[in-house]
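To keep things clear, I will list the structure first and then write my remarks on it.
Chain letters run A, B, ... following the sequence lines, proteins first and then strands; every chain starts at 1.
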Protein chains: 2
Amino acid sequence: MTVTEITEFLNAHDIKPSYQRIKVYECLINQGNHMTVESIYRELIATIPTLSKTTIYNTLKIFEDHHILNVINLNGNEMRYDLILDEHGHFQCKICQEIFDFPIQEPRIQIEQINGFKIEERNVFLKGICKDCLEKQ
Amino acid sequence: MTVTEITEFLNAHDIKPSYQRIKVYECLINQGNHMTVESIYRELIATIPTLSKTTIYNTLKIFEDHHILNVINLNGNEMRYDLILDEHGHFQCKICQEIFDFPIQEPRIQIEQINGFKIEERNVFLKGICKDCLEKQ
DNA sequence: GTATCTGCAAAACATTTGCAATTCT
DNA sequence: AGAATTGCAAATGTTTTGCAGATAC
């Protein structure tokens, strides 16, 4: 995705495409999902030496409000941020702590059980032991 | 569940049944799921005036380590604690913020997609608008 | 020229840690 | 007495807030 395309995308979602916002969005695309404010900061501080974490927080909040970003919290530590691209779940290994994405193809999880409720977001979060760590045991 | 039963239950899980631990467990049973440290504290401080939040944190950590409690974090604020009774998901209303439980009867969420991974815990967290808030709109 | 955006510094808040006092056996 | 538990106070780490300076239209 080029800078021009990001600019158009942000405009289309009523987000003014400032330099910082474009860079944060670019970072989320290039670095993949479940980034933290800290990891975004570390990634961008070389390019934007004056960048503050407050701006990252502000930007992510705006992205969330405009529904182009999902915010999740897997373990009670830092918040993690996912661009809304495809619907996927998260698996975190209890040993190496790494987070893996996996597709959710089952569109309804007994949603009819919750009668009259409007469901707008779904998060599926699994914990266990990943293949590599299992083999090391 | 009587105090005697809780005592036996904790003993059976290799947890020494101190007064505070019994009271915290009792609170989790009586007040239902997704309680926070703060809400447990407010509930118990009348009964145990010397109670500290550190003890609640300690106790919940022990319960978690001994697999009688699940810890979840829905919104990045406080952690929430669920006794492991039946498997259920959580639905949080974006308007009134209330959290509802719902049963998960579908045992596998495309788990075969994650080949060779050992899945030990599953959390399903939905967000949307609850019936009451929908009707008020 | 006015409104918006940025970013520093301080505040807020949940959780963890160190350690001394207490309790239990 | 000895070991485990409790709880106060301080530290930690993430996120939020207030506000002044910078930027954009």
Point to revise | CD1-OH distance between A:I56 and A:Y81, expressed to the nearest 0.5 angstrom | key: 9.5 Å
Review point. Could you give the CG-to-P distance, from A:N11 to D:dC25, as a whole number of Å?
Key: 10 Å
Point to revise | Nearest heavy atoms of B:C130 and B:C93, plus distance in Å | key: N-SG, 3.4 Å
Exercise for review: Dump the intermediate steps for side chain to side chain contact (heavy atoms under 4.5 Å, CB included) on A:R80 and A:N73, then the final yes or no.
Suggested key: CA-CA 6 Å; A:R80 290 177 179 275; A:N73 188 300; over 6 Å; no
Point to revise | Proximal nucleotide (of C:dA9, C:dA14, D:dA9) relative to the B:T54 side chain | key: D:dA9
Exercise for review: Please report, rounded to the nearest Å, how far the P atom of D:dG13 is from the CG atom of A:N73.
Suggested key: 17 Å
**Study point:** Touch class at under 4.0 angstrom, heavy-atom based, for B:K16 against every strand present
**Key:** sugar-phosphate
Review point. How many Å lie between CD1 on B:I56 and P on D:dT5, as a whole number?
Key: 17 Å
Practice item. Check the distance between C:dC5's C1' and A:I48's CD1 and give it to me in whole angstrom. Key: 13 Å
Practice item. Would you kindly give the NZ-to-P distance between A:K53 and D:dT14, to the nearest whole Å? Key: 7 Å
Exercise for review: Assign B:T36 to base, sugar-phosphate, or nothing according to its heavy-atom contacts below 4.0 angstrom with the strands shown.
Suggested key: nothing
Exercise for review: Could you state the atom-to-atom distance from CG of A:L51 to C1' of C:dC8 in whole Å?
Suggested key: 13 Å
Check your understanding: When you check the phosphate oxygens OP1 and OP2 of D:dT6, does a side-chain N or O of B:S52 lie under 4.0 Å from one of them?
Key -> no
Check your understanding: Between A:H13 and A:F9, what is the ring plane arrangement, given parallel below 30°, perpendicular above 60°, and tilted in between?
Key -> tilted
**Study point:** Whole-Å gap separating C1' (D:dT17) and NZ (A:K61)
**Key:** 13 Å
Revision key, fill the gap. The residue, A:R80 or B:T50, whose nearest nucleotide of DNA chain D is more 5′ is B:T50
Review point. Hey, which of these two, A:P49 or A:I62, hits DNA chain C nearer its 5' end, going by closest nucleotide?
Key: A:I62
Review point. How close do B:N33 and B:L83 get, heavy atom to heavy atom, and via which atoms?
Key: OD1-N, 3.4 Å
Review point. Is the shortest side-chain N to carboxylate O distance from B:E64 to B:K61 below 4.0 Å?
Key: no
Review point. Is the shortest side-chain N/O distance from B:T55 to OP1 or OP2 of D:dG7 below 4.0 Å?
Key: yes
Practice item. For DNA chain D, find the residues of residues 18-29 of chain B with a heavy-atom distance under 4.0 Å and give them by number; none if there aren't any. Key: B:S18, B:Q20, B:R21
Exercise for review: Decide if the gap between the ring center of A:F117 and the ring center of B:F102 is smaller than 6.0 angstrom.
Suggested key: no
Check your understanding: A:N77 has an atom CG; how far is it from atom C1' of D:dG13, in whole Å?
Key -> 9 Å
Review point. Would one find a side-chain N or O of A:Y57 under 4.0 angstrom from OP1 or OP2 of D:dT16?
Key: no
